[in-house]
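Throughout, numbering of the chain's residues begins at 1 and tracks the sequence.
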Amino acid sequence: MIRLTRLNDEEFVINCNQIERVETIPESNVIMANGKHYVVKESVDEIIDRVIEFQAQIYARAQKKNV
């Protein structure tokens with residue numbers, strides 16, 4: 001899950017595993033696998049960084065459990 005910000009400054013959390021694509025319109029438009037979309041303040045690069053960070057956290061936790 002990653003935290004994003006709507007244009008009205010409302011924060012929300014989405015399941016980043018369900019993101020199909022992100023478009024720039026010039027804001028970022030996050031299109032989900034179910035067809036819903038969210039226009040957010042974060043740039044495409046920021047969204048990518050947050051997804052990578054989230055996935056890295058999952059991997060790190062999995063590695064701790066396997067030790």
Side-chain angles (χ1 to χ4, degrees):
M1 304 288 280
I2 61 170
R3 187 177 308 274
L4 296 174
T5 311
R6 296 179 193 269
L7 297 181
N8 66 0
D9 291 326
E10 177 185 332
E11 288 189 355
F12 68 105
V13 178
I14 64 168
N15 180 348
C16 59
N17 294 319
Q18 295 296 312
I19 295 174
E20 182 177 313
R21 67 184 186 276
V22 181
E23 300 172 344
T24 304
I25 58 172
E27 299 86 4
S28 297
N29 188 23
V30 180
I31 297 101
M32 308 301 286
N34 65 4
K36 290 186 180 182
H37 67 96
Y38 303 94
V39 179
V40 298
K41 288 186 171 185
E42 290 78 9
S43 70
V44 172
D45 289 335
E46 287 175 300
I47 295 168
I48 291 168
D49 289 343
R50 290 181 188 187
V51 171
I52 290 169
E53 183 179 325
F54 175 73
Q55 297 294 340
Q57 289 174 0
I58 291 173
Y59 180 77
R61 289 181 186 178
Q63 292 301 311
K64 284 183 182 179
K65 288 184 178 184
N66 290 330
V67 172

ask   = Cluster question for you: counting only ILVMFWY and a side-chain heavy-atom cut-off of under 4.5 Å, with indirect links fine, are Phe12 and Met32 together?
value = yes
query = Rounded to the nearest 0.5 Å, what separation is found between the CD1 atom of Ile47 and the OG1 atom of Thr24?
reply = 8.0 Å
query = Is there a donor-acceptor pair under 3.5 Å between the side chain of Arg50 and the backbone N or O of Arg3?
reply = yes
query = Going hydrophobic residue to hydrophobic residue with side-chain gaps under 4.5 angstrom, can you get from Ile19 over to Leu4?
reply = yes
Remaining members of hydrophobic cluster (4.5 Å side-chain criterion), Met1 = Val13
Gap separating the CD atom of Gln57 from the CD1 atom of Ile52, nearest 0.5 angstrom = 12.5 Å
ask   = Asp9: what forms a salt bridge (charged side-chain N to carboxylate O under 4.0 Å, His left out) with it, not counting sequence neighbours?
value = Lys41
Hydrophobic cluster identity match, Val39 and Val44, side-chain contacts under 4.5 Å = no
message = To the closest 0.5 Å, what do you measure between CD (Glu20) and CG (Asn34)?
response = 9.5 Å
inquiry  = Quick check: is Ile58 connected to Val51 through a chain of hydrophobic side chains (ILVMFWY, heavy atoms under 4.5 Å apart)?
reply    = yes
query = Measuring from Ile2:CD1 to Glu42:CD, what's the distance to the nearest 0.5 Å?
reply = 8.0 Å
ask   = Is there a path from Val40 to Ile31 through hydrophobic residues (I, L, V, M, F, W, Y) whose side chains come within less than 4.5 Å of each other?
value = no
Sub-4.5 Å side-chain heavy-atom contact between Asn17 and Gln55 = yes
message = With rounding to the nearest 0.5 angstrom, report the OG1 to CD distance, Thr5 to Glu27.
response = 13.0 Å
